[in-house]
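Letters A, B, ... mirror the listed sequences (proteins, then strands); counts begin at 1. Because only heavy atoms are used, hydrogens play no part in the values below, and waters and symmetry mates are left out as well, while side chains stay in.
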There are 2 protein chains.
Amino acid sequence: MTTGEVLAALADPTRRRLVELLARAGDRTATSLAGELPVTRQAVVQHLGVLKEAGVVGSLRSGREVRFGLRPDALTATARWMEDVAAQWDQRLAVIKQLAEAETQIVDAETQDDEMMTRQR
Amino acid sequence: MTTGEVLAALADPTRRRLVELLARAGDRTATSLAGELPVTRQAVVQHLGVLKEAGVVGSLRSGREVRFGLRPDALTATARWMEDVAAQWDQRLAVIKQLAEAETQIVDAETQDDEMMTRQR
DNA sequence: CTGATGTGCAAGTACTTGCTTGCACATCAG
DNA sequence: CTGATGTGCAAGCAAGTACTTGCACATCAG
């Protein structure tokens, strides 16, 4: 359930689709999920395997089917990592801004939005 | 700056390393960053390109160098997406638990931790 | 000017990844 | 039992990815 595993798992669009499906439709079987996606059941199974390895989903056998459900903890933990990184940067920004108001630094990038800067939309 | 781009960008360990370096060490040049990683400058440049495309970093030319800095907004936005998915699931859980206390569902996976369940650690 | 340093562009390579197809095994209804 | 449905395993393939190497161009110090 490392941060890397979770991010890598969510990097794939089909896998994100699966996660969103599970989030709002509840626990489902692989075959059922494959019915709502333009891929084979086997593709879904493999994706669910990656998600499970990352700790994002869990599975439970009931009779001849295997039902998959979300495991929100892995998601929130990874979200926290991202927010921590962002916060760390913001804190650095604040410190520098306070210490040296005179020097012009690239640090102000966010408010400058230069030619080289990738624009947000 | 889509969610998919950000997640795909952060899926790579080297790129995460770069992001963490920038977060705590401030804005740096590609060559300087390459000095702290076991890869070539060109590899770093390409990684920064991906991160920039995703809106995670921004760059600013100053003289003959190009300095890169973090763009926290993309990170927090993606973090929010993950938390939303997790929250959606939790809400479903709560509703079901309230409506049908009698029926046993796989939905309770989180508290059951069965043989098939990937264990958290 | 010269040399050093930093960048940009491009092609090539080893490896990974998402997906499919094919078949065997297990479980349920009749 | 038979047939239908759901699952598991494995090989194969096309496309993407991370990384390198090589070289040309731009900028600074002396």
Which nucleotide sits closest to the side chain of A:Thr29: D:dG6, C:dT20, C:dG18?
D:dG6
What's the closest nucleotide to the side chain of B:His47 if the choices are C:dG6, D:dA18, C:dC19?
D:dA18
Starting from the C-alpha separation in whole Å, work towards a yes-or-no answer on side-chain contact (heavy atoms from CB on, under 4.5 Å) for A:Thr78 and B:Met82.
CA-CA 8 Å; A:Thr78 308; B:Met82 292 202 283; 3.8 Å; yes
Any donor-acceptor pair under 3.5 Å linking the side chain of A:Glu65 with the backbone of A:Ser62?
no
Measure from CG on A:Asp27 to P on D:dG6 and round the result to the nearest Å.
16 Å
How many whole angstroms separate atom CG of B:Leu48 from atom C1' of C:dC9?
16 Å
Is A:Arg67 close enough to D:dG6 that one of its side-chain N or O atoms is under 4.0 Å from OP1 or OP2 there?
no
Matching residue for A:His47 among A:Lys52, A:Arg15, A:Arg17 - test: side chain to side chain donor-acceptor pair (under 3.5 Å):
A:Arg15
Without decimals, in angstroms, what is the distance between B:Phe68 CZ and C:dG8 C1'?
11 Å
Of all the choices, D:dC19, D:dT7, C:dG18, which nucleotide is nearest to the side chain of A:Val66 once you look at every atom?
D:dT7
Whole angstroms only, please: what is the CG-C1' distance between A:Leu37 and C:dT20?
15 Å
Interatomic distance, B:Arg64 CZ vs C:dT5 P [rounded to whole Å]
9 Å
Round to a whole Å and report the spacing from CG of A:Leu60 to P of D:dG6.
17 Å
The reported gap from CZ in A:Phe68 to CG in A:Leu51 (rounded to nearest 0.5 angstrom) is 9.5 Å
To the nearest angstrom, the CD-P distance between A:Glu5 and C:dT17 comes to 12 Å
Is there a Watson-Crick or G-U wobble partner for C:dG22 with both distances under 3.5 Å, and if so, which one is it?
D:dC9
Measure CG/B:Asp12 against C1'/D:dT17 and give the value in whole Å, please.
9 Å
With a 4.0 Å cut-off on heavy atoms, is B:Gln42 in touch with a base, just the backbone sugar-phosphate, or nothing at all?
base
With B:Val57, the side chain to side chain contact (heavy atoms under 4.5 Å, CB included) member among B:Leu18, B:Asp27, B:Leu22
B:Leu22
Look at the side chain of A:Gln46 against the base of C:dT20 and say whether a donor-acceptor pair falls under 3.5 Å; ignore hydrogens and angles.
yes
Donor-acceptor pair under 3.5 Å: do we get one between B:Arg61's side chain and the base of C:dG6?
no
Is the distance from OP1 or OP2 of C:dG18 to the nearest side-chain N or O of A:Thr14 less than 4.0 Å?
no
If the cut-off is 4.0 Å, is B:Arg41 near the phosphate of D:dT20, judged by side-chain N/O to OP1 or OP2?
no
